[in-house]
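Input: a single structure, listed below in structure tokens.
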Amino acid sequence: MSARGKARRRALDILFEAEARDEDPLGVLAERVERAEPPVNEYTVSLVEGVAGRLGRIDDLISTYSEGWTMERMPAVDRNILRVGTYEMLWSDEVPEGVVISEWVALAGELSTDESPQFVNGLLARFKQLKPSLTL
């Protein structure tokens, strides 16, 4: 797994943990940075801070465009994969959009249900298509 792939996985772990503990993701991130076992990659920090800073908008987009699925009905791992993938797709220009989709679909396949990769792929591809109108 690439350094960016590990950073994505770590960001997902932090966001998932924060949701499970009903805590602020930035607080969980600060704990991980302080503990530094293993050290927290700069890209992980960037992803978690980005999601935390735009969480309301990200959740609104996911809710609006995920047909037939409410945020509450989605598996928690899918919800958080979509949050970080949406942030990376719409507000991070460091990685090509196709790579963003591919990386998050692979994590969904590894960590969630059999249907999750297709769901994540469809939603992130839709956000890629609508990106100019969604980032205003």
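- Residues Leu82 and Trp69 fail the side-chain proximity criterion, which asks for heavy atoms closer than 4.5 Å.
- Closest approach of Val100 and Gly85 over heavy atoms only: CG1-O, 3.8 Å.
- Ser112 places no side-chain N or O within donor-acceptor distance of the main-chain N or O of Ala108, the cut-off being under 3.5 Å.
- Here the OG-CZ distance, from Ser2 to Arg9, works out to 12.5 Å after rounding to the nearest 0.5 Å.
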TODO: Might you work through the side chain to side chain contact (heavy atoms under 4.5 Å, CB included) test for Ile62 and Met71, ending with a clear yes or no?
DONE: CA-CA 8 Å; Ile62 294 168; Met71 292 290 283; 3.3 Å; yes
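- Counting heavy-atom neighbours within 6.0 Å of Gln118 CD, excluding the residue itself, gives a total of 12 or less.
- Side-chain contact between Leu12 and Leu111: present, with at least one pair of heavy atoms (C-beta onward) separated by less than 4.5 Å.
- Without hydrogens or angle criteria, Arg8 side chain to Ile81 main chain gives no donor-acceptor distance under 3.5 Å.
- When each of Gln129, Lys131, Glu88 is paired with Glu97, the side chain to side chain contact (heavy atoms under 4.5 Å, CB included) condition holds for Lys131 and for no other.
- A heavy-atom distance below 4.5 Å is found between the side chains of Tyr65 and Leu130.
- Between atom CG of residue Leu107 and atom CG of residue Asn80 there is a gap of 12.0 Å, rounded to the nearest 0.5 Å.
- Rounding to the nearest 0.5 Å gives a distance of 13.5 Å between OG of Ser46 and CH2 of Trp91.
- Note that OG1 of Thr86 and CG of Leu123 are 6.0 Å apart. Values are rounded to the nearest 0.5 Å.
- Ion pairing between a basic and an acidic side chain is recognised when a charged N comes within 4.0 Å of a carboxylate O; Arg126 and Glu67 show no such pairing.
- Taking every heavy atom of both residues into account, Leu61 and Leu134 meet most closely at CD2-CD2, 3.6 Å.
- Salt-bridge formation is detected for the pair Arg4/Glu94: a Lys NZ or Arg NE/NH1/NH2 atom is positioned less than 4.0 Å from an Asp or Glu carboxylate oxygen.
- Summarising the geometry of Phe119 relative to Ser66, their closest heavy-atom pair is CZ-CB, 3.7 Å, with the distance given to 0.1 Å.
- Taking every heavy atom of both residues into account, Gly5 and Glu103 meet most closely at CA-OE1, 4.0 Å.
- Between atom CG of residue Leu90 and atom CD1 of residue Ile58 there is a gap of 8.0 Å, rounded to the nearest 0.5 Å.
- For the atom pair OG1 of Thr113 and CG of Asp78, the computed distance is 5.5 Å after rounding to the nearest 0.5 Å.
- For the pair Arg35 and Glu31, the salt-bridge criterion is not met [side-chain N within less than 4.0 Å of a carboxylate O].
- Between Arg83 and Glu19 there is a salt bridge, since at least one side-chain N of the basic residue sits less than 4.0 Å from a carboxylate O of the acidic one.
- One N or O on the side chain of Thr64 and one on the backbone of Asp60 form a donor-acceptor pair closer than 3.5 Å.
- Under the 4.5 Å side-chain criterion, counting only non-hydrogen atoms from C-beta, Asn41 is not in contact with Lys6.
- Here the closest non-hydrogen pair linking Leu47 and Ala11 is CB-CB, 3.9 Å.
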